[in-house]
Amino acid sequence: MLVVATFAVLQGCLTQAIALPPPTGKYHIGVSKHTIEHYNPRDVLAPNNVSTAFLATIYYPTLQKPAGPPRPYLEPELAAIMETQWNYTSGFLSKFTSNIQRDAPFVKGRVGESEFPTLLFGPGGGGPPVPGNTILISELVSHGYTVVGLDHPFEQLFIRYPNGTGVIGVDIDYGSSQLLEAIYNTRLIDNVVFLDYFPKLTHKLGAPFNTSHFGLFGYSLGGAAALGSVYHDRRVLSGLNLDGTMFGLPALNNTWADAKKPVFLLGNEYHTGEDAIHDVTWETFPSWQTEYFRLFTINGSTHHDFCDDTFWKTIEPTDPSTGPIDGNRQFRIMNAYVKAFFDFTLMGWNSSLLDGPSAEWPEVVFHDKSL
Ligand SMILES: *[C@@H]1O[C@H](CO)[C@@H](O)[C@H](O)[C@H]1NC(C)=O
Ligand SMILES: *[C@@H]1O[C@H](CO)[C@@H](O)[C@H](O)[C@H]1NC(C)=O
Ligand SMILES: *[C@@H]1O[C@H](CO)[C@@H](O)[C@H](O)[C@H]1NC(C)=O
Ligand SMILES: *[C@@H]1O[C@H](CO)[C@@H](O)[C@H](O)[C@H]1NC(C)=O
Ligand SMILES: *[C@@H]1O[C@H](CO)[C@@H](O)[C@H](O)[C@H]1NC(C)=O
Ligand SMILES: *[C@@H]1O[C@H](CO)[C@@H](O)[C@H](O)[C@H]1NC(C)=O
Ligand SMILES: *[C@@H]1O[C@H](CO)[C@@H](O)[C@H](O)[C@H]1NC(C)=O
């Protein structure tokens, strides 16, 4: 018996949970998942090019305190796939836990209304899906925003619909810009389909979500699509791109690239726009903006640092696509700058953080292309 008990204790230590860093705002985090029915007969990644749905995950403020122990926050299938693809030890990503509460009660408020505009989030192309960006999303929600993340089946590494069905992603040739552009266009369609449906969904849920005003942001391809959806949609007030190469209108080198709305680029050390070898779209896009525009880069960061991976790497620093920056600084920088941008463009709250170099975050480089 004693031997068994000791073994169990050892096992307990080995599989010790690692809590995600807690958000800083006053709200706890609720989450609900929704299947968005949409028939798309030109889906490049779906079997026979037909998809019939995508997944919306709504993160929202709640006053309910979490009860019970924190739980693993990634689907086990997703964790296993990412451990292989992102060079982590088997079982590593299943150790990470959060206090996010499934279907927690909403805060009090009128159905379909909130002083905080709703934020729409797009994940990176091929991953990680929305839950792999929980640190930044939770931070925004803890301060009052509702954030809706959209995952597209077959494109993301793994998603699970609310009915329990899991969908594994297909192999994507990231060398094909034609394919990436097609995936990007699917994202733009999903964004519009979701914005059209959101008021109805909100009323069905009886939720105090803002159904008229939106800010869009995303990581990598999701950041590109966030900017792409800013053009010509009156509901969308501003857009933010985390380290994503642009496609479509934002990638043009002419006046069509002018978003005519507040837009923000936050990129890795080499995404300066002064080094066209790395990404010409970050060079051309800024010069066409006629509304509020900011470009910041973070020294020491590389592409994978712009999602929860930057925190995972602080425990096991083996993903070659992360940079030398301390992941605990990187996620705080992202939290601070993304929140400051939406606070300013959606709520009208000014922040000196957006107006130049920062003494608090000296590794954040301000590129003065701003209007
Ligand atoms: C899906 O669409 C792509 C691009 O149009 C095409 O190359 C591919 O053959 C199609 N796949 C199927 C199964 O129809
Ligand atoms: C959404 O938020 C904006 C900005 O606070 C506000 O002006 C608008 O009335 C809100 N809309 C709804 C439906 O709550
Ligand atoms: C669950 O929902 C998805 C998306 O609508 C659908 O493709 C799948 O067939 C459903 N699974 C079951 C078991 O009904
Ligand atoms: C973008 O267009 C301008 C002219 O409007 C030109 O000077 C510049 O070289 C172009 N940049 C690229 C990367 O093609
Ligand atoms: C993957 O991780 C191992 C340690 O687990 C490390 O030795 C190796 O260098 C990593 N691979 C790459 C390509 O960085
Ligand atoms: C924010 O406020 C500061 C000081 O109050 C001011 O210098 C700056 O121009 C303002 N920034 C914006 C974008 O309004
Ligand atoms: C950021 O890195 C660049 C290139 O390595 C360097 O020139 C610059 O001084 C660094 N900036 C800061 C604020 O550390």
Side-chain angles (χ1 to χ4, degrees), residues 14 18 39-52 54 79-95 125-126 152-155 167-190 221 243 247-248 265-279 282-283 294-306 309-310 312-327 329-330 332-334 336-337 353-369:
L14 288 173
I18 306 162
Y39 182 80
N40 182 343
R42 274 178 289 277
D43 188 324
V44 278
L45 299 180
N48 300 315
N49 288 137
V50 174
S51 60
T52 56
F54 58 91
I81 293 168
M82 290 202 67
E83 283 154 7
T84 308
Q85 294 199 1
W86 293 40
N87 200 35
Y88 286 119
T89 311
S90 173
F92 174 65
L93 292 177
S94 289
K95 293 182 190 174
H152 199 86
F154 313 108
E155 188 226 293
V167 182
I168 296 173
V170 299
D171 284 334
I172 296 172
D173 173 12
Y174 289 101
S176 164
S177 58
Q178 205 185 346
L179 181 60
L180 289 183
E181 181 125 20
I183 298 171
Y184 166 84
N185 286 327
T186 304
R187 300 290 197 97
L188 297 190
I189 292 167
D190 288 356
L221 188 67
D243 213 37
F247 294 90
L265 303 181
L266 185 61
N268 75 63
E269 175 166 350
Y270 302 103
H271 237 155
T272 59
E274 284 129 35
D275 184 353
I277 294 165
H278 285 94
D279 186 351
W282 281 51
E283 179 195 334
R294 291 289 187 273
L295 165 59
F296 290 90
T297 52
I298 307 172
N299 271 13
S301 72
T302 56
H303 194 54
H304 279 189
D305 284 302
F306 289 78
D309 195 20
T310 202
W312 304 337
K313 81 170 185 189
T314 64
I315 317 288
E316 229 185 69
T318 53
D319 176 359
S321 299
T322 56
I325 190 171
D326 175 1
R329 285 189 73 80
Q330 170 75 10
R332 286 192 183 97
I333 289 167
M334 285 197 289
Y337 282 80
L353 199 59
L354 300 175
D355 290 325
S358 153
E360 191 179 6
W361 309 113
E363 63 272 69
V364 179
V365 181
F366 173 67
H367 299 269
D368 196 5
K369 301 166 188 290

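Order of listing sets the numbers, starting from 1, for every ligand and every atom in it.
Closest approach of L354 to R294, counting heavy atoms only: O-NE, 2.5 Å.
A donor-acceptor pair under 3.5 Å is absent between the side-chain atoms of E269 and the main chain of I298, judged by distance alone.
The protein heavy atom nearest to atom 5 (O) of ligand 1 is V44 CG1, 4.3 Å. Nearest protein heavy-atom contact of atom 10 (C) of ligand 5 is N87 ND2, 2.4 Å. Annotation: atom 6 (C) of ligand 1 to nearest protein heavy atom, N49 OD1, 4.2 Å. With respect to atom 4 (C) of ligand 5, the closest heavy atom belonging to the protein is T318 CG2, 3.5 Å. Atom 13 (C) of ligand 5 has as its closest protein heavy atom P320 CG, 3.7 Å.
Counting heavy atoms closer than 4.0 Å to ligand 7, residue P362 contributes backbone atoms (N, CA, C, O) but none from C-beta onward.
When distances from atom 2 (O) of ligand 5 to the protein are checked, a heavy atom turns up under 4.0 Å.
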Next on the checklist: Walk me through whether Y337 and S358 qualify under side chain to side chain contact (heavy atoms under 4.5 Å, CB included).
Outcome noted: CA-CA 11 Å; Y337 282 80; S358 153; 3.6 Å; yes

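Within the 4.5 Å cutoff, the side chain of K313 has heavy atoms near those of the D305 side chain.
Of all atoms in ligand 7, listed by their number and element, those nearer than 4.0 Å to a heavy atom of N299 are 1 (C), 2 (O), 3 (C), 8 (C), 10 (C), 11 (N), 12 (C), 14 (O). Residue contact check: N48 has heavy atoms under 4.0 Å from atoms 13 (C) of ligand 1. Those atoms of ligand 7 with a heavy atom of E269 less than 4.0 angstrom away are 2 (O), 4 (C), 5 (O).
Looking only at atom types and distance, the side chain of H367 has no donor-acceptor partner in the side chain of T272 under 3.5 Å away. For the residue pair D243/H303, the side-chain donor-acceptor check at 3.5 Å is satisfied. With hydrogens and angles left out, the side-chain atoms of E316 and T89 include a donor and acceptor closer than 3.5 Å.
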